[in-house]
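For reference, the structure discussed in these notes is given below.
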Amino acid sequence: MIQNILEEKLKPKAYSSDIPSRWCPGCGDFGVTNALARAFSTNQLDQERTVIVSGIGCSSRLPLWMGPYGFHTLHGRALPVAAGMKIAHPELDILVTMGDGDCFSIGGNHYPPVMRRNMDLTAIVMDNHTYGLTKNQCSPTSQVGYPGTLSPVGNVDEPMNVLGLAVANGATFVAQSFSGKPKHVMQMIEAGMKHRGFSFINVLSPCVTFNKLETFEYWKGRMEEVPEDHDTSDKIAAWKLSEQGMQGDALPMGILYQATRPTYEDQVAMVKEKMGSVPADQVDMEAIFDSIKPGAK
Amino acid sequence: MIQNILEEKLKPKAYSSDIPSRWCPGCGDFGVTNALARAFSTNQLDQERTVIVSGIGCSSRLPLWMGPYGFHTLHGRALPVAAGMKIAHPELDILVTMGDGDCFSIGGNHYPPVMRRNMDLTAIVMDNHTYGLTKNQCSPTSQVGYPGTLSPVGNVDEPMNVLGLAVANGATFVAQSFSGKPKHVMQMIEAGMKHRGFSFINVLSPCVTFNKLETFEYWKGRMEEVPEDHDTSDKIAAWKLSEQGMQGDALPMGILYQATRPTYEDQVAMVKEKMGSVPADQVDMEAIFDSIKPGAK
Amino acid sequence: MAIDITIRIAGEGGEGVISSGDFLMQSAASAGFEVMTFKSFPAEIKGGYALSQVRFSDDKILSQGDGFDIVVCFNEEAYQINKRLLTPGKVLVYDGPDEFEIEAHEGVACYAIPMSHIAKQELKAYISKNMVAMGAVCELFGFPVDSLRRSIHDKFIKKSQAIVDQNYAALEAGAAHVRDHYGKDPTYTFPEAREAKDVIIVEGNQAIALGAMAAGCRYLGAYPITPATSVAIAASKIFPKADGYVYQAEDEIAGVASTVGASFAGTKAMTCTSGPGIDLKSEMIGLAAMAEIPLVVADIQRGGPSTGMPTKHEQSDLFMCAHAVHGDTPRAVLAASNVEDCFYRTIDAFNLAEKYQMPVFLLSDAALSLQVEAIPRPDLSKIEIIDRLRYQSNGSEERYQRYQLTDSGISPMSHPGDPGGTYCATGLQHQENSAPRTSVEACITMDDKRWRKIKNIEDDIECTSQGPEKAKVGIISWGLTQNAVREAMARMLAEGMEVAALYPKLLYPVPTKAVEAFAARCDKLLLPEANYQGQFAQLIRAATGIDCIRQNIYRGEPFIPAEIVARVKELGA
Amino acid sequence: MAIDITIRIAGEGGEGVISSGDFLMQSAASAGFEVMTFKSFPAEIKGGYALSQVRFSDDKILSQGDGFDIVVCFNEEAYQINKRLLTPGKVLVYDGPDEFEIEAHEGVACYAIPMSHIAKQELKAYISKNMVAMGAVCELFGFPVDSLRRSIHDKFIKKSQAIVDQNYAALEAGAAHVRDHYGKDPTYTFPEAREAKDVIIVEGNQAIALGAMAAGCRYLGAYPITPATSVAIAASKIFPKADGYVYQAEDEIAGVASTVGASFAGTKAMTCTSGPGIDLKSEMIGLAAMAEIPLVVADIQRGGPSTGMPTKHEQSDLFMCAHAVHGDTPRAVLAASNVEDCFYRTIDAFNLAEKYQMPVFLLSDAALSLQVEAIPRPDLSKIEIIDRLRYQSNGSEERYQRYQLTDSGISPMSHPGDPGGTYCATGLQHQENSAPRTSVEACITMDDKRWRKIKNIEDDIECTSQGPEKAKVGIISWGLTQNAVREAMARMLAEGMEVAALYPKLLYPVPTKAVEAFAARCDKLLLPEANYQGQFAQLIRAATGIDCIRQNIYRGEPFIPAEIVARVKELGA
Ligand SMILES: Cc1ncc(C[n+]2csc(CCOP(=O)(O)OP(=O)(O)O)c2C)c(N)n1
Ligand SMILES: Cc1ncc(C[n+]2csc(CCOP(=O)(O)OP(=O)(O)O)c2C)c(N)n1
Ligand code: SF4
Ligand code: SF4
Ligand SMILES: [Mg+2]
Ligand SMILES: [Mg+2]
C-alpha cells in the first residue's frame, strides 16, 4: 500500500493539481506542462518544497494545474515575487513560468536584475509570439507583419532577441526549446533546475488559436539543435547563435550559454555572516536598544 | 540691435533658462549642461522647437535650467513620455536626459522598446554610479563593494554593462563620454542629435558629494578613446569594447556603434499612409458613421 | 403590433454563441428594429459557459431587461444554468432530443432541435451548429431571415462563397427541421421588416473611440487589457485615418506616459485600461494633475479586486478613480450608462480635461464594453468641442508664466513650437514660471489655484432626473445600473408609483447641488450599485452628509430592472 | 527649575545646520533631558534654506511647540526668514556683526558671533563654523558642554583625533568670544546634567524599523525614495543580524512584489515608500488583499501631489491609502503621531496584517520621519505579537482549502514546505480550494468572507480620548497633528477650557463607534489636518454622517499648538 503510494508519486500525473486545465485544445502550453511534470517525476521532486510562480496570461495559468505550491501573481510580476520568496527562503526550489508578453513586455524591468544578480531561479517562458489571453496583440517577440489586433497594418517592430538579451543581462544558463519536442523541453528544464544560478529557458509554444503562422509544423521545420562544437561558456558565441536564430530559419534548440558565478543567495548569506547573523528568533533586541541609549557609541 | 540679439542667440548662455541651477558645486552634471548648451549653440538650435525630457534625480533637473521647452517628468518615465511626444509630433527635436538609476533601474522597462523601435530621440544618461538625489544608494552601475546606504557591507551586485545592453537592445547609435571632457561630450551630443534613430549617450558624470571613489581624477585616468580602427557598424566589436570597459580600467570614450534602419516615425508614417490618412482636422466622420450603419459592409 | 423580445443564446464558449447573437442583432437592426445586446463569458479563450442575449423592440430599449423570452441552449450546461428561469410563457430551444434530457416545464414551449446531430451528420460540419440553431429560430418566430442571410453573406464572403453557402445550408437545415416537426411558434412572432432608422450600430467600447475621434483626440497610448483593449482596437482603425495613432506600449505606465507626452506637445490624447492598469498609471495621472496637462483615462471596469474577474461586470473602481494617486490631486470622474453615453461622455471627458487641464476619468464596464446598440446617428454640428486655453505671446520679452495665477485658476498653455512659450513642466511644487518652489506661499497659492479651477465643475455637466416633483423613493444610480433604473422607472411610473430617479453623469467631484435638490424631493433615497462597499453612496455621504439606502450586488452581473422595482416597493413607494 | 527651551538653528543646507541640531539633541539626552527635534530642508542635496530645531525639557515633550526661544542664524537668509518671529523675550544668535546687518528687535537679546570669520580666519577651517556657533551657545546658556564634547568625540574619533581636536578648538573659540564680549545670557539657563533616564534615542523612521524587528519582520523589499529610505536603511542595519534581509529592488513594484513573495512563503515582511511609490505598488497591494497574504506597507508621506515636495510635511495620502487599488479591496490604515507611536503602530500594523491576512498601511510623514525623541525603552515582555493562523494537516487525504469559508472569514494558511498544504494562490476570483471561479455564488461568498474578516477591526486598536465628559469643542486629529493637539490640549485644559480630544490610531476602516461616542460628548467637532481636501474629515463623514468643522493647512509645515488653540477659541470653547 505504502509502496503503491510511493510508486504513484513517481508518475508525472502525481504532479498535477485537481484543478482541470483550461487551455484551448492543442495549445502548445500542454507540452510544457507535461514536460515539467515529467521532469519533476524523473527527479522525484518534493512538491511540498517547490513553488511555481507565474504572472498573468494563458501560459501563466500553469501553476494552477500543477501539484507543487503555486502563486499566480500579476501580469509581469512573477520574477520579483519569486525573488523575494527565494531571498527569504533559499531552501525552496522555485520555478517561474511566464508568457512572452508577461516576461518581456510588462515584466521587462524584472528579468534583467534577477539575471544580473544570478538568483537561483528557473525561469521558463512559453513564447508563442503573441498575447494569447487578451486575444492576439503583438508581443515583443512577434514577427514583423504579425496581425496583432492593435496593429492595423501588421506589426511594425523588429522582434526582440530574447536569448541574446538573457546572455547580455547576465543569466548563467540560457537555453531554448520547443513544446513540439516535449522530451527536449524536459531535458532543458532538468538541466535548468540542476543549474545553480539563474536559468532562462525560452520554449517556443504555439498558440493554436491566434498565431496561424507559427504553428507546430512551422516551427518544427525550423528548429536546429545547438551544434555539438558550440562552446557554451563563450558569451560571444552564444550571442551569435541567438542572432542567427533571429533570421528565422535556424532557431537554436539547446543550451546556448552556461556559466558559474556566485548566486544572489550566496551574497545574502555572506552579508548576514558579516553582520553576525543569529537565527531569526534568537535576536537580542535589548542589545540593539543598548546601542541607541543616550551616550552609547 | 537685431544683429545683437541674433549674435546673443548664438552663445551657449542663450540656451539657459532663468531658473538658477541647484547642483552641488563641482557636480559632474554641470559639464553635461555646458556641453549641451554648446552643442545647441554650435547648431543654432531652434529652442522653441526642441524639448528636453527628463525623469527624477539630480541629473534630471537639467531641463529646468535650460532654455528649450522641457518636461521634468517622473522617476524612470522620461523615455515613454518622450516617445508619445515624438510619435504625435515628429517635427520636434527631443532630447532625453536621465540619471543611471532613472534610466537603468526604475526606468529599465522603457529603454529597450524605444531602442528596438529606433525612435528618433537623443538620450543622455548622466551616469554617476549612484543615486545622488536620494543620498547615495547603489545604482545598477555601481561597482561591487560600493558603499550605498542600503548596502550595509557594500554593493554585492555586478554592475550592468549599459553600453553592451544598448547595442543588444537595438539602439542605432551608442556612445560614451565623460563630463570631465566637455568638448568630447559636446561632440557626442552633436553626433547623436544628427543621427536619425535612437541615440544613446552614456556620460560618466561624477557625483562629487557621494561617490568618493569614482571622482573626476579617477575616471580621467581610465577613459580611453575608441580605437581609430574600431568598426562602428560591427555589433560584436561594439559588444566586446563594452565588455572590456567593464573591467574598469579602459572605459571606452566615443562612438561604439552606429547603424541605419527605419525609425519608428517612419513606420508610423507608413501606417498612416496605408490607411489613407488625411490631416487631423479634415477627417470625414460621416463616412465613418456610414460604415457602421445597419447593413453597411 | 409592437414587439419587445429578448432571445438568449447560451452554450460553450467557442461554439458560436457570441457570433449568433451578433448576427441576430445585425439583422434585426437592418430590419429596422431597436436592438441591444448583452454578453457574458469567462476569461479563458475557449470553453466555459458563454451567454449572448439580444433584445429587439420597436421602441427605444432602456436596458437588457429582466431575463429572456426565448432561450436557445447549445448544450446541457446552458440548459442547467437557465432552467430555473423557464417560467410560463417562455420558450426553450435546445440541442435535443438526443444530446440531453430536459425536465417538464409548465407553460413553456420546448423545441428540440438536433443542432449537433444535423451539423455533424447532415452537414458534416460541426462548426455550423449555431447556424442550424439560428435557422430554427428564424423559422419558429418569423425572424427576418433575409436580413440574417445578408449579414452572413457580408461577414463570410471575404473568406469564400463556399463558406457562405455552407452557412446558408445550415440555416435552411434548421428551418426545415422546424417546418417538418413544429411549424411556427404561436407566442412570439416578429413583424415584417420596416425601413431602417438613421442609426449606427455601435459597441460600447467602439463608441468611446468614436467619441474620442469626434472630440479631436488623435493619440491613444495603451497596453492591452480585458475589457478595455477593444477601445484601443477601435481607435487603431480610425485614428490613423486622420493623422492620429494608437501606440501599443510596453506596459500601462508607458501607455499613459506617452499619452501625457503627446498631450503636453499639443495633441488631444487618451489612454484606456481596466482597474489593474489604473493602479499602475496612477502616479502618471498625478503628474498630469500637477503639471496641468489635459488627460483622458477610460477605465473599463471589471470584477475586482486584483485580477478578479476580467470579463465580468462590476462598478467597483469608483473609489480608486476618485481617490487614488497620493496627495491632493484634482481630477474628475464621469461614467457612461449605455452605448450612446459612451460616445457623448467621452466627448465630455475631453471637454473637461481640456478646459481644466487635468486628468479626467471615464468609467465604463465589462458588460457595457460589449453591449451593442443601434443609436441615433450623432449630429456633429450640435456637439460642442472645447479646446485648452492657449498662450499667445505678445512678442514682449516677458517670460511666459506657465502657471500664471488667474481668477479661474486656469492658465494659458503653450505647446512646443509656440514662439515665446518655452517653459519646463514639472511635477514638483512650483511657482508661476514653473520653477520648483516649496515656500509656504507657493504651496498655498498653487494648491488653491489647482482646486479653484474645478470649484464649479458640477455646472458643466447636466445631471438629469425623472419622476414627480415629490416622491416617496428617489433612486440615485450611475453607470450601467442607470439602464436598469430607467426601465424600472418606466414600469413603476406606469404603475403610478411615486418614485423619482437621478442620473448623474459626473460622479466626482460629487454633483452636490443636484444631489441635494433631488434629496429634497424624496422621502427616501435608494442607491443601487454593483459593488460591495457602496462606493458612490459613501462619496455622496462624504460630500453632502446624505445617507442613501444602499442596494449592493457583487455577483459579476449587472442589475436587472425587476430587482430595483422590488426594492423600491419594499421601501413603500 | 524646570526647563522647556527650544533652540532653532537655521542656515544654508550643507553648512552643518542639521548636524548641529543632532549634537545638541544627543548631548541633551545624555544629560538627562527630554528631547524632541524638528528638521526641514529642501529636496536638493546642497544649498537652500535648512532648519533644525531641538526642544529640551524636564517633562515629556508633546510637540515641537509654537516656535523657538533661541534662534541661531548661520546666514542672512536664515535671519530674514526668522526675523518676524523675534518677539520680545526671544534670543537671536547670528553670524555678525560683519556678515550681515540686523534690524532693531525690541526685547530681543541679540548676540553677534562672527562664526564665519572665526572659522575662516582664526581656525582656517570654514567647515567648523557650526561648531563655533555651538561653542557660543553652550557658553551663553550654560548648555552642558561636556556632553556635547563627548558626542563630538564619539562621532569624529572614527575619522581622526585631529578632527576631534579641530572641533573642540572651534567650540572653545565660540565660547571664548562669548566670554570676551557678552558673558552668560540672563534669560535662558540650562540646569545641571542629571542622571540619564532609561530611554533610547530614536528617529521616526528608525522606530519603524525597530518596531518591525520587534514584531518579527525579517524581510523588507523597497526602492529608495525620500522620506522613506531611512526606514529601509535602519532595517538594513538590523534585519541581517537576525537572518533577515533588506532588498533594494529595481523599482517600487518589485520592492512590494518581493515582499509579497517573502510573506507568501512564511516570512513576516514589509515594504516602505512614499506617495509616488504607493501609486506604483497599489496593484500588488490589491493582490495581497485578494490572495490573502499579510503585508505591511509603510507610507512616509511627503508634500503632494505628484513629485510635489519630497522633504516637506503633509498628510495627504490618506484618501489613497483608504481607497486606492481598483475593486473592493479590504485593507486597514494606521497612522503614527510621534516616535514612540512609530514603534508601536508598526507592531500594530503587523498584528493586523497577520491576523487578517491582508495589507495594512502605516502612515508617517516627512517631518516625523526625521523627528528624534528620547523615548522610554520598550518593554518587550509587554508587547503582544500576533502571528497568522497556520494550517496543520491532519494527515488525511482531503485537499487543503486555502480559502476555507469560516465564521470569522479567516482561513488557516499554509507555507511552502508544509506537508499537505499545497495550493496555488491567485488574484483571480476563486473558490475555497483556490481554483479560479466566477460563478455568482463564488463572487458573493468570497467577497463576503474577505470583508467579514475586518467587520470588528475597530475593536483591535484602542482609540484614546482626553478631556471632560462634556465639551464645547472636541478635536479629532491624526498623525503628527495629534502632537500639536496634545500640547494645545494641555494648555487649554490648564486654562480650564471645555475641550476634548480624540486620538485615533486606526484611521480606516474609520473607528465609527469611537467617533460617534466622542461626537456625543462634544457640541462641536474640529478636525485639523495638513491637507487640502479634508481627507479624514470626509472619510469620517462618509462612515458616520458626522461633519466636523475643518481646519486645513497645506503649506509644507506641520501644525503648531497655538493655531489649534486659536481655532478652538474662535469656536467658543
Ligand atoms: C496589469 C495588467 N495589464 C494587462 C493585463 C491583461 N493581460 C493579461 S494576459 C496579457 C498578455 C498575455 O500574453 P503573454 O504574456 O504572452 O501570455 P500568453 O497568454 O500568450 O500565454 C495581458 C496583456 C493584466 N491582466 N494586467
Ligand atoms: C517613483 C519614485 N521612486 C523613487 C523616487 C526617489 N528618487 C528620486 S531620484 C532617485 C534616484 C536618483 O538616482 P539617479 O537616477 O541615478 O539620478 P542622480 O540623482 O544620481 O543624478 C530616486 C530613487 C521618486 N522620486 N519617485
Ligand atoms: S489562446 Fe493560444 S495560448 Fe491561449 S490557451 Fe488558446 S492556444 Fe493556448
Ligand atoms: S548629490 Fe551628487 S549628483 Fe547630486 S548634485 Fe550633488 S554632486 Fe551632483
Ligand atoms: Mg504569449
Ligand atoms: Mg545617478
Side-chain angles (χ1 to χ4, degrees), chain A residues 76 103-119 138 140-141 144 150-170 172 235-240 242-243 246 261-277, chain B residues 76 103-119 138 140-141 144 150-170 172 235-240 242-243 246 261-277:
Chain A
C103 183
F104 307 127
S105 190
I106 191 170
N109 200 31
H110 305 305
Y111 69 85
V114 290
M115 287 177 174
R116 189 161 56 87
R117 290 169 165 159
N118 200 28
M119 293 204 184
C138 293
T141 56
V144 171
L150 283 172
S151 310
V153 306
N155 186 25
V156 299
D157 302 330
E158 297 282 335
M160 185 170 173
N161 176 357
V162 299
L163 298 168
L165 280 168
V167 174
N169 275 298
T172 51
K235 267 195 187 184
I236 299 285
W239 171 265
K240 283 186 178 158
S242 75
E243 281 274 281
M246 296 306 288
R261 55 185 178 89
T263 66
Y264 195 70
E265 299 76 53
D266 294 340
Q267 306 280 19
V268 170
M270 179 272 288
V271 171
K272 288 181 186 175
E273 198 189 302
K274 280 205 185 164
M275 292 181 71
S277 186
Chain B
C103 183
F104 307 127
S105 191
I106 191 170
N109 200 30
H110 306 306
Y111 70 85
V114 291
M115 287 176 173
R116 188 160 57 86
R117 289 170 165 156
N118 200 27
M119 293 204 185
C138 293
T141 55
V144 172
L150 283 172
S151 310
V153 306
N155 186 24
V156 300
D157 303 330
E158 296 284 334
M160 184 170 170
N161 176 357
V162 299
L163 298 168
L165 280 168
V167 174
N169 275 297
T172 51
K235 267 195 188 185
I236 299 285
W239 171 267
K240 283 186 179 158
S242 74
E243 281 274 282
M246 296 308 289
R261 55 183 179 92
T263 65
Y264 195 69
E265 299 76 53
D266 295 340
Q267 306 279 21
V268 171
M270 180 273 286
V271 171
K272 289 181 186 174
E273 199 189 301
K274 280 204 185 166
M275 293 180 70
S277 186

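In what follows, chains carry the letters A, B, and so on, assigned in the order in which the sequence lines appear, proteins first and then strands, with residues in each chain numbered from 1.
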Q: Quick one: which of A:N118, A:V153, A:N109 has the most heavy-atom pairs under 4.5 Å with chain B, could you say?
A: A:N109
Q: Identify the residues of residues 156-165 of chain B whose heavy atoms come closer than 4.5 Å to a heavy atom of chain A, ordered by number, or report 'none'.
A: B:V156, B:D157, B:E158, B:P159, B:M160, B:L165
Q. For the candidates B:Q267, B:H110, B:R116, B:R117, which exhibits the highest count of non-hydrogen atom pairs separated by less than 4.5 Å from chain A?
A. B:R116
**Q.** Contact class of A:S105 relative to chain B, heavy atoms under 4.5 angstrom
**A.** backbone
Q) In terms of heavy-atom pairs under 4.5 Å with chain A, which of B:S151, B:P140, B:P152 leads? A) B:P140
Q | Selection from A:V167, A:V268, A:V271 maximising heavy-atom pairs under 4.5 Å formed with chain B | A | A:V271
Q: Could you tell me which portion of A:Y264 (side chain, backbone, both or neither) has an atom closer than 4.5 angstrom to a non-hydrogen atom of chain B?
A: side chain
Q) Which heavy atom in A:I236 sits nearest to a heavy atom in B:W239, and how many Å separate them? A) CD1-CD1, 3.2 Å
(Q) Please classify the contact of A:N169 with chain B as side chain, backbone, both or neither, using a heavy-atom distance under 4.5 Å. (A) both
